[in-house]
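Report on the following structure.
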Amino acid sequence: MTFSIHGLAVAPGVAIGRAVLVASSRVDVAHYFISQDQVGDEVRRVRLARDAVVEEIHRLQGTIEQMGPREAPHELRALLDVHLMLLQDEELELGVKYWITERLYNAEWAMTSQLEVIARQFDEMEDEYLRERKADLEQITEKILRAMQQQSDALAGAAGSRPPILLGRERSQDAQEPLVLVAHELSPSDLLHFKQGVFAGFVTDVGGRTSHTAIVARSMDIPAVVGARNGSQLIDQDDWVIIDGDAGVVIVDPSPIILAEYRFKQRQAELDRGRLERLRDRDAVTLDGEAVELMANIELPEDTPAAMHAGAVGVGLFRTEFLFMGRQSHLPDEEEQYQAYRLAVEGMRGRPVTIRTIDVGADKPLGLHQEGTQLNPALGLRAIRWSLAEPSMFLTQLRAILRSAAHGPVHMLIPMLAHLGEIRQTMALIEQARAELVRAGVPHGVVQVGAMIEIPAAALMLKTFLKYFDFLSLGTNDLIQYTLAIDRADEGVAHLYDPLHPAVLRLVADTIQECRLQGKGVSVCGEMAGDVAMTRLLLGLGLRSFSMHPAQILAVKQEVLRADTSQLQSWAQTVLSHEEPGLMLAN
Ligand code: PEP
Ligand code: MG
């Protein structure tokens, strides 16, 4: 039966595909398609891993036999019996086999897919004892996955590792149908696993419009809906699903008529995309001759080809924290960071790259840190605060950035500053990093240093900031969050997250104006910059530098080409003084 789920539209377009339900704890499991002739091998891998776990349990049972009831209580024996029973369950075996043979999923993916199917059945059971067996099922799945990992590691040692075959928009020849990802929650670093991945779109239960998960979704350029509340419980594994990333709606089990309508919409969007492509080589100049700089936001050095392809004139924001997140053990050292920054600089072939120093914390946890224990992580040890609390880590990053500047133009951007003391400490550490490189005779380059304006306090002390920095960049995502006291990742207050709130617009307008007065560069690198509904207003407020996901550049360019700033200027002032600016933009 067709039904729809409403969430927040975060990445435009329409995706139609079969649902793949993924638990957040399992996203690090490799998802790739196999070819028809690998089916036998994959089925065997699962069987061998399962047999290894069964054997391990038999061994444990043997040991327990020799123990008295004190050391080996009855519950432990019963638990092992339940695990054995689940391991030998036909539904698990046949289900996993189905995903491998019919859908050509790799063994690990097939295993977690079937786990989701059976777990759902447990959830629906009346009997509490049986319902709680879901935890046992998860444990044995975990054991099988671990056994598969050990077998692959052993094989890799002997014959080189097996690379996961990740497929993008182009489908595998063997794979029959497009897939969409459905999850309760995905962290931004989880999503990176799926960059260039197999999915045509995704839905999550939680998340706000400018949560970092949503931002990464936009950078993947696939339709997405977040904040779908209990969507992941309503959708079943393998259901047909339409994701309408423009309306923020997910349609489950669509009727043929709805399906045809959306397929039409999809084709229409492709045509629009094709039309925009023609603007790629046009300079972004307004009707009245004002040149506008359109730059790219990137998360990883591998994103630079997309930025170049979209015609970005530089990188306005490289979120370096993505190099640090989702690591099991150590953080990247100076050499690894240097190589990553250098790759980005070289990838942009002489166009400037703005490297932001690490911004972890809040909804971008590092994984190694004590996150989760703070009551208000967005107000806690985040971004520059974290860097200044870890000076040796910060110095490592600063040296790596300065070294990358030997390969092309690099700007350094500091996130979340609010205090003069922080500015002074940061400047002193940049100097120290430079002095260390000079002493060691390591090649490095000159960088311009800029600050992000993303805390209202910073926007209210612009003159001080401009004394110390070469340029400013408006991080409107956080500026809105902190001005309006709205958690940007919380779908419960998403309706109050308003870029057009008069207080937000006032801070944005004053920052642009002050920078222009002082002849300093200013850009917007928050999501507002890539929102075509905001382009005319920002141009009217005097902004000439925008940084956004590569996928949005051409649409914004189209707005720029149609704009006349001589007219927009006075209109923007009227919007600014209006009690409800949103109404003026709607008209
Ligand atoms: C912002 O806050 O607008 C910004 C660009 O930084 P981030 O989204 O990474 O916090
Ligand atoms: Mg920010």
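In each ligand, atom 1 is the first atom listed, and ligand 1 is the first ligand listed. Computed from a predicted structure; not experimentally measured.
- Glu335 has no carboxylate O lying under 4.0 Å from a charged side-chain N of Arg342, or vice versa, which leaves the two without a salt bridge.
- Protein-derived N/O/S atoms nearer than 2.8 Å to the Mg ion (ligand 2) total 2, waters excluded.
- Within 4.0 Å of ligand 1, counting heavy atoms only, the contacting residues are His212, Ile215, Leu317, Arg319, Arg356, Asp359, Lys364, Arg382, Met452, Glu454, Gly475, Thr476, Asn477, Asp478, Arg488, Cys525, Gly526.
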Please tabulate, for side-chain N and O atoms in residues 552-560, each donor-acceptor pair with protein atoms closer than 3.5 Å (sequence neighbours left out).
| unit_1 | atom_1 | unit_2 | atom_2 | d |
| --- | --- | --- | --- | --- |
| Lys557 | NZ | Leu279 | O | 3.0 |
| Lys557 | NZ | Arg280 | O | 3.0 |
| Lys557 | NZ | Arg282 | O | 2.7 |

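- Taking the six-membered ring for Trp and the full ring otherwise, Phe324 and His330 have centroids separated by 6.0 Å or more.
- A salt bridge is absent between Glu277 and Arg273: the closest approach of a Lys/Arg side-chain nitrogen to an acidic carboxylate oxygen does not fall below 4.0 angstrom.
- Salt-bridge check for Arg209 with Glu491: failed, with every basic side-chain N at 4.0 Å or more from each acidic carboxylate O.
- Using a cut-off of 4.0 Å between Lys/Arg side-chain N and Asp/Glu carboxylate O, Arg356 and Glu321 are scored as salt-bridged.
- We find that Asp478 and Arg382 are joined by a salt bridge, their nearest charged nitrogen and carboxylate oxygen being less than 4.0 Å apart.
- Qualifying salt bridge (Lys or Arg N to Asp or Glu O under 4.0 Å) partners for Glu454, counting only residues two or more places apart in sequence or in other chains: none.
- No donor-acceptor contact under 3.5 angstrom links the side chains of Glu293 and Ser523, judged on distance only.
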